[in-house]
Enquirer: 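I have a structure I would like to understand better, so I am pasting it below and will then ask my questions one at a time.
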Amino acid sequence: MDNHGSYKSLINIWILLMFLTVVTVGAAQFDFGAWNVPIALIIASVKAGVVALHFMHLKHEDGLTWVFASYPLFLLFLLIAFTVTDMFSRVVN
Amino acid sequence: MSQEQEKNYLENGEGFASWFFTVDHKRIGIMYLWAIGVFFIIAAIASFLVRFEHLTPGQTIMTAHTYNVLFTLHGSMMVFLFIVPGVAASFGNFLIPLMIGAKDVIFPKLNLYSFWLYLLGAAVFMIALAAPADTGWTFYTPYSIESGANVILITFGIFILGFSSILTGINFIVTMHKLRAPGMTWDRLPLFCWAAYATSLLQVLATPVVGITLLLLIGERFFGLGFFDPARGGDPVLFQHFFWFYSHPAVYIMILPAMGIISEVIPVFSRKPIFGYKAIAYASLAIALISFLVWGHHMFVSGQSKLINVIFSVITYAVAVPTAIKVFNWLWTLYKGSIELSTAMLYSLAFIFLFTIGGLTGLFLGALAADVHLHDTYFVVAHMHYVMIGGTVFGFFAALHFWYPKMWGRMFDEFKAKIAFVLIFIGFNVIFFPQFILGTLGMPRRYFNYAPEFQSLHQLSTYGTWIGAAGFILMLWTLMRPLPGKAPGNPYRSLSLEWSMDSPPGTFNFDEIPTITEPVYNYGTKIEEES
Amino acid sequence: MGFFDVTSKVLKSIAYPSEMVPSIDTEDDGHHHFDHETEHSGAKLGMWLFLATELLLFGGLFAAYAIYRAKYPDMFQHGSQSLNVVLGTVNTVILIFSSLTVAIAVKAIQENRIKLVKIMLWITIICAAIFAVNKYFEYSYKFNLGIFPGTDIFYSIYFAATGVHMLHVFIGMAVLGVLLRKVYKGKYSKDNYTAIEIGGLYWHLVDLIWIYLFPLLYLVG
Amino acid sequence: MNWLPVSASTFAPGVDFVLWLVTIISVISCILIGFLLVYFVIKYRRKSDNDQTPAITHDSFLETLWTVIPTILCIVIFIYGYVFYDQYTTTPKNAVEINVTAKQWLWTFDYSNGKKTLNELYVPIGQPIRLVMQSDDVLHSFFVPAFRVKQDLMGNRYTYINFTATKEGVFDIYCTEYCGTAHSNMLGKVHVLSKEKFASWEDGSAKKVQKASSNLPPAEVGRQLYSDKGCVACHSIDGADGVGPTWKGLFGKNRIFADGTSILADENYIKESILYPGEKIVEGYGPVMPSYKGLLEDSDITAIIEYIKSLK
């Protein structure tokens with residue numbers, strides 16, 4: 001049976017997540033121009049990664065679970081990459 | 001307990017409830033088989049009428065609107081109610097646990113719920129027929145937003161069916177990971193299981209995208225969301241992207257299990273190990289992965305950008321290669337074999353030939369310049385049916401005959417079944433081969449009316465449906481009337497695990513979980529030097 | 001089995017939706033054919049696969065967001081600025097907190113601390129309810145301003161994404177509610193907690209999706 | 001039997017080349033596989049139940065062969081497909097633009113000189129043409145088999161087709177994207193004219209000449225217009241219900257409109273309905289008909305009215 005981490009470590013993770021939320025909201029107060037979205041997405045991904053690894057115990061799962069957890073991300077990337085590429089390469093010469 | 005063990009799964013419980021609430025994977029498989037059989041027949045009748053309409057140009061027996069409704073009914077029913085859940089859910093359910101040496105799938109109850117969801121989705125779909133859709137099975141926007149038909153209900157039905165598909169896929173994947181008998185390593189896994197595994201992956205990962213797409217389409221009709229409606233600043237091509245992101249992998253959801261079936265049938269009736277086991281197994285996986293990358297080849301003339309067209313064309317040819325490899329592997333399994341032309345074998349051999357034609361005509365459509373001419377003509381219709389009928393349905397029929405003794409515990413009349421095969425084979429080719437020529441000549445698909453110069457080819461195609469229908473009825477007739485006497489446990493001397501038990505199997509499949517020590521296709525006693 | 005039994009079984013399965021939760025309880029219908037460890041790891045693997053499908057379900061919305069944001073930057077700028085960042089932030093905090101409580105609940109059941117499990121599940125469900133109430137206020141405020149799905153593409157994405165997410169919140173609440181009821185019935189222990197663990201996984205996914213939706217919709221205007 | 005339509009554009013030979021190339025590859029592969037299939041089945045048929053068979057499970061040489069050869073063929077086909085497609089999608093510098101608008105179930109062509117035609121596209125031979133296309137409603141697709149060109153049309157965005165006609169004559173236009181009830185009646189014609197004929201068509205003299213020489217009765221001319229101008233897509237002549245009311249027995253009948261009023265269908269009513277179709281909507285039908293103002297001359301309208309009169 002898997003029995004990982006302690007209550008304290010869970011709460012520490014939570015504090016980290018709260019901190020990152022503050023950072024997200026804070027960062028939104030400044031205008032980084034084209035970097036607004038990437039910055040927001042990077043912070044969100046760090047948060048998501050922390051939730052997945054610690055709250056969802058992905059850290060302790062086997063390789064198979066990692067494959068199933070990450071493959072949809074790849075597909076999502078494909079879906080977005082191809083559709084966006086299409087949308088912005090339609091200029092006709 | 002021992003009393004119960006002696007009963008086979010068909011005898012274990014009688015009446016409606018003993019089936020409807022069963023968690024026995026074999027009974028669930030049989031129920032799927034009945035359900036998809038019914039929908040197949042309804043959809044086939046629709047196509048029969050559609051073809052009949054084409055006996056003459058202009059109105060023959062129905063109005064243009066009825067025609068549009070019927071081809072939509074035929075397409076959507078065949079795709080969503082028959083062929084996608086078809087082979088995977090029916091034969092997959094029945095066979096996977098038997099083949100891997102398990103007593104059931106890993107989530108038996110979930111399996112039952114999946115079946116109920118399937119029925120629920122089908123029911124919603126049927127209710128929608130009160131104002132049947134005339135959008136084509138592709139539901140392209142903005143026509144599907146504006147059409148007066150019951151598009152919301154029908155797409156909601158498909159949404160539910162999608163969930164059934166996803167849950168079945170999850171069930172199979174986890175079952176194959178967790179419940180393989182000791183010694184049933186991945187390189188001893190029957191190829192049908194490999195195919196079912198790849199299929200399940202596609203079901204799990206592709207279906208949600210069509211789910212959200214149809215949900216958004218419903219939102220378009222309810223709220224006017226505008227994502228897919230040019231009048232509201234949306235983009236109809238985006239709908240097509242989302243739709244084909246699912247529907248191209250769905251083509252492989254349809255064909256992969258059939259490939260798995262004939263990979264089982266051919267070695268048994270050639271008494272040879274399957275040629276290139278690993279190549280076929282990995283090709284299944286490769287197809288499952290690459291098939292996510294080629295959806296745009298359905299959209300070469302849709303207004304997609306030129307760059308994306310070129311990219312998709314390249315990747316499309318990449319997916320052609322593993323498919324070609326499979327065909328040659330099946331072919332070479334026959335080499336120096338001891339070939340018995342049973343009905344199941346005939347269907348499998350026909351699969352190889354017809355699927356080859358289907359695949360080769362795909363090469364036309366993948367080529368950008370040629371596709372500009374052929375897109376949305378009868379060529380596409382013919383190509384698709386060579387893959388879906390010549391491939392999937394022939395594979396499905398092969399399975400019906402091959403596992404018939406195992407499923408029902410009886411044998412059938414091989415002679416009549418072979419006559420039925422000949423009729424179906426001839427009928428099929430007479431229906432669809434002329435359509436290739438119609439297509440290259442420029443006859444568009446989904447046309448109620450057509451120019452008089454196309455009439456002779458259209459008529460030929462319609463006559464084919466009569467031959468095919470006769471064959472299909474004869475096949476049903478034969479299968480519905482089994483020969484007297486009990487079928488032996490292993491009538492074909494197969495080495496696969498499902499034949500190692502009585503026909504039909506007992507409720508719990510195996511009294512004791514077997515231990516596997518040999519490769520699954522260990523035919524061939526004459527040892528030759530390996531190259 | 002006659003007609004009556006069939007009807008009663010159907011009615012029962014409707015009346016007790018908890019029966020619809022995948023069969024991962026040990027007191028199953030005697031069809032038990034594999035050991036506990038297989039069941040546990042199998043259920044988790046199945047759940048991860050299901051989460052994969054959920055992610056791709058939202059994938060369509062994320063793709064639509066990416067495209068239309070790039071196509072109509074001004075519309076997204078205006079729309080985003082009209083959303084209530086405070087409510088959004090509060091909801092983010094609530095969801096992250098509820099994620100913590102679920103994680104604690106899973107940890108607690110592994111140590112057989114049933115009482116803690118109950119408290120944590122209760123808090124989680126209450127958090128979910130508060131989230132829903134906040135969302136209700138947000139929606140009705142927008143409706144009062146005459147903003148509906150379909151007003152423009154930004155609001156369509158906003159309502160579609162948060163709406164589908166809301167649906168998941170409700171499903172999550174239902175799942176947690178069923179689990180809580182079973183905890184009260186004493187069904188779970190340190191030897192049998194798979195259901196709580198995979199229910200928790202589902203709830204974390206609801207949180208994960210929101211972690212992305214929040215900045216994309218509310219912040220990066 | 002011929003399996004390809006006439007080749008009438010500069011793009012067509014390229015497409016035909018690819019079609020022939022793939023056909024030859026396909027036929028050879030098909031014969032090879034079909035032959036081997038039948039040959040193996042006959043040669044290695046089961047002779048007895050105890051036939052000894054070898055345990056051949058792989059053969060590196062063969063497997064390499066049937067991986068490499070299809071790969072090479074695929075690359076070749078892709079390249080040819082791409083090369084001709086690239087030519088087709090590249091607009092020539094001296095291309096003349098024609099605007100195309102699709103609407104359920106009509107094609108409208110607007111020329112740079114202000115001319116406008118319905119369902120009939122006029123182009124000069126040898127002149128690169130660029131169609132700038134848009135739909136007024138749902139998706140349509142512009143397809144001319146003789147030119148081997150096809151492109152979807154949609155709302156809110158222009159799409160394009162380039163072609164140069166190489167043969168004089170009249171060729172079919174089909175709509176190939178399913179667009180509703182009368183999809184299969186959304187047909188048109190491309191008239192490829194010699195430079196001189198096109199010039200005379202452009203300044204309008206051709207039409208007059210043609211008219212003067214035509215001594216058909218007006219009802220016959222009307223019948224011609226009925227199919228040429230797209231009326232056929234929505235109005236039946238045999239009483240069948242369509243998108244619009246049937247023409248059979250229309251003349252002299254009492255028309256009831258959506259707003260409850262009614263009128264006797266006479267010449268003036270029909271003329272009004274052709275020019276201003278939105279004014280009076282017959283009960284049970286939608287306001288979908290486009291105006292033919294500027295698209296039909298008075299004499300055409302008279303001919304159509306005569307034709308309707310003849311449909312008792």
Side-chain angles (χ1 to χ4, degrees), chain B residues 64-65 68 136 140 142-143 146 230-231 236 271-273 275-276 279 301-303 306 310 313-314 317 320-321 324-325 328 331 334-340 349 352-353 356-357 360 363-364 367-370 372-373 375-376 437 440-442 444 446-449 523-528 531, chain D residues 3-5 14-15 18-19 22 26 29-30 33-34 36-37 40-41 44-46 51-60 63 66-67 70-71 74 77-78 81-82 84-85 89 138-139 141 143 145 148-152 154-157 159 174 176-185 240:
Chain B
H65 180 73
N68 295 342
Y140 273 13
Y143 186 69
E146 292 165 10
R271 307 217 58 75
K272 280 264 316 290
F275 188 90
V301 301
S302 71
K306 184 173 167 181
V310 175
S313 178
V314 173
Y317 283 108
V321 175
I325 292 173
F328 287 113
L331 194 61
L334 302 173
Y335 174 66
K336 289 193 176 174
S338 163
I339 297 167
E340 184 191 347
L349 298 177
I352 298 180
F353 185 65
T356 300
I357 297 179
L360 288 168
L363 296 180
F364 288 79
L368 286 163
V372 171
H373 179 57
H375 182 78
D376 267 344
I437 301 165
T440 53
L441 284 172
R446 295 177 171 177
Y447 256 36
F448 166 72
N449 200 354
Y523 304 99
T525 45
K526 202 162 76 184
I527 308 300
E528 274 199 347
S531 52
Chain D
W3 64 289
L4 288 172
V15 173
V18 178
L19 290 174
V22 189
S26 300
S29 320
C30 237
I33 289 171
L36 284 177
L37 205 61
F40 286 165
V41 165
Y44 303 117
R45 68 187 177 279
R46 185 163 299 177
D51 281 351
Q52 299 292 297
T53 51
I56 309 168
T57 55
H58 59 272
D59 181 328
S60 307
E63 287 180 87
W66 66 51
T67 309
T71 308
C74 282
I77 297 172
F78 164 76
Y82 168 72
F84 293 115
Y85 177 75
T89 44
V138 300
L139 299 182
S141 192
F143 177 36
R148 315 282 191 274
V149 295
K150 184 184 288 128
Q151 175 61 52
D152 282 10
M154 64 203 85
N156 206 15
R157 183 181 150 209
T159 49
Y174 294 119
T176 41
E177 188 62 80
Y178 176 69
C179 59
T181 311
H183 169 53
S184 66
N185 284 336

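The model shown is predicted, which means the values in this text are computed figures rather than measured ones. Chain letters run A, B, ... following the sequence lines, proteins first and then strands; every chain starts at 1.
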Enquirer: Below 4.5 Å, heavy atoms only, C-beta onward: do D/Tyr178 and B/Tyr140 meet side chain to side chain?
Expert: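 With C-beta onward as the side chain, the pair stays apart.
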Enquirer: Indicate yes or no for a side-chain donor-acceptor contact from D/Lys150 to the backbone of B/His375 under 3.5 Å, with no hydrogens or angles considered.
Expert: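 Pair found, side chain donor or acceptor close to backbone of B/His375.
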Enquirer: Using a 4.5 angstrom heavy-atom cutoff, name the option from D/Asn185, D/Leu36, D/Leu37 with the most pairs to chain B.
Expert: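 Highest number of pairs under 4.5 Å: D/Leu37.
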Enquirer: With a 4.5 angstrom heavy-atom cut-off, is it the side chain or the backbone of B/Pro236 that approaches chain D, or both, or neither?
Expert: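 Side chain of B/Pro236 only, per the 4.5 Å heavy-atom cut-off to chain D.
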Enquirer: Checking the side chain of B/Thr356 only, and the main-chain atoms of D/Cys30 only, is there a donor and an acceptor separated by less than 3.5 Å?
Expert: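 No: the side chain of B/Thr356 does not pair with the backbone of D/Cys30.
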Enquirer: Check for a donor-acceptor pair, side chain of D/Gln151 on one end and backbone N or O of B/Val301 on the other, with a separation under 3.5 Å.
Expert: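 Yes; judged by distance alone, with no hydrogens or angles, the pair exists.
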Enquirer: CG of D/Leu4 to CD1 of B/Ile437: how many Å apart, nearest 0.5 Å?
Expert: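 Between atom CG of D/Leu4 and atom CD1 of B/Ile437 there are 10.5 Å.
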Enquirer: Among side-chain atoms of D/Asp51 and B/Ser338, is any donor-acceptor pair under 3.5 angstrom?
Expert: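 Yes, because at least one side-chain N or O of D/Asp51 sits under 3.5 Å from a partner of the opposite role on B/Ser338.
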Enquirer: Nearest 0.5 angstrom please: B/Thr440 OG1 to D/Arg148 CZ, how far?
Expert: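 Result: 9.0 Å between the selected atoms.
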Enquirer: Is there side-chain contact between B/Pro230 and D/Arg157, with at least one heavy-atom pair below 4.5 Å?
Expert: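 No. Closest side-chain heavy atoms not under 4.5 Å.
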Enquirer: Please tell me if the side chains of D/Val138 and B/Glu146 come closer than 4.5 Å, counting only heavy atoms from C-beta onward.
Expert: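 Result yes, sub-4.5 Å side-chain heavy-atom pair found.
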Enquirer: With a 4.5 Å heavy-atom cut-off, do D/Tyr44 and B/Leu334 have their side chains touching?
Expert: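 Result no, sub-4.5 Å side-chain heavy-atom pair not found.
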Enquirer: When rounded to the nearest 0.5 angstrom, what is the spacing between CD1 in D/Ile56 and OH in B/Tyr335?
Expert: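 Going from CD1 on D/Ile56 over to OH on B/Tyr335, the span is 6.0 Å.
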Enquirer: Would you mind telling me which of D/Thr159, D/Val149, D/Leu139 has the largest number of heavy-atom pairs within less than 4.5 Å of chain B?
Expert: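 The candidate making the most pairs under 4.5 Å is D/Leu139.
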Enquirer: Could you look at B/Ala231 and say if it's the side chain, the backbone, both or neither that has a heavy atom under 4.5 Å from chain D?
Expert: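 For B/Ala231, no heavy atom lies under 4.5 Å from chain D.
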Enquirer: Is any side-chain heavy atom of D/Cys179 closer than 4.5 Å to one of B/Arg446?
Expert: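 With C-beta onward as the side chain, the pair stays apart.
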Enquirer: Would you find a donor on one side and an acceptor on the other, under 3.5 Å apart, between the side chain of D/Thr53 and the backbone of B/Arg271?
Expert: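 Indeed, once roles are kept as given, a pair shorter than 3.5 Å links the two residues.
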Enquirer: Quick one, B/Asp376 with D/Ser141, criterion side chain to side chain contact (heavy atoms under 4.5 Å, CB included). Give me CA distance, side-chain angles, the key distance, then yes/no.
Expert: CA-CA 9 Å; B/Asp376 267 344; D/Ser141 192; 5.6 Å; no
Enquirer: For chain B, which of D/Phe78, D/Tyr82, D/Phe84 has the most heavy-atom pairs under 4.5 Å?
Expert: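 Most pairs with chain B among the choices: D/Phe78.
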Enquirer: Indicate yes or no: at least one non-hydrogen side-chain atom of B/Lys336 is less than 4.5 angstrom from one of D/Phe40.
Expert: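 Side chain of B/Lys336 against side chain of D/Phe40, heavy atoms only: no contact under 4.5 Å found.
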Enquirer: Of the backbone (N, CA, C, O) and the side chain (C-beta and beyond), which part of B/Val372 lies under 4.5 Å from a heavy atom of chain D, both, or neither?
Expert: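 For B/Val372, the contact with chain D is made by backbone and side chain together.
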Enquirer: Report yes if some heavy atom in the side chain of D/Asp59 is under 4.5 Å from a heavy atom in the side chain of B/Phe275; otherwise report no.
Expert: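 Sidechains of B/Phe275 and D/Asp59: in contact.
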Enquirer: Could you check if a side-chain atom of B/Phe328 sits within less than 4.5 angstrom of a side-chain atom of D/Glu63, using non-hydrogen atoms only?
Expert: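 No. Closest side-chain heavy atoms not under 4.5 Å.
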Enquirer: Can you tell me if D/Ser184 uses its side chain to pair, donor with acceptor, with the backbone of B/Tyr447 under 3.5 Å?
Expert: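 Between the backbone of B/Tyr447 and the side chain of D/Ser184 there is no qualifying donor-acceptor contact (under 3.5 Å).
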Enquirer: Can you give me the closest heavy-atom contact between B/Leu349 and D/Val41, atom names plus distance?
Expert: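 Minimum heavy-atom separation between B/Leu349 and D/Val41: CD1-CG2, 3.6 Å.
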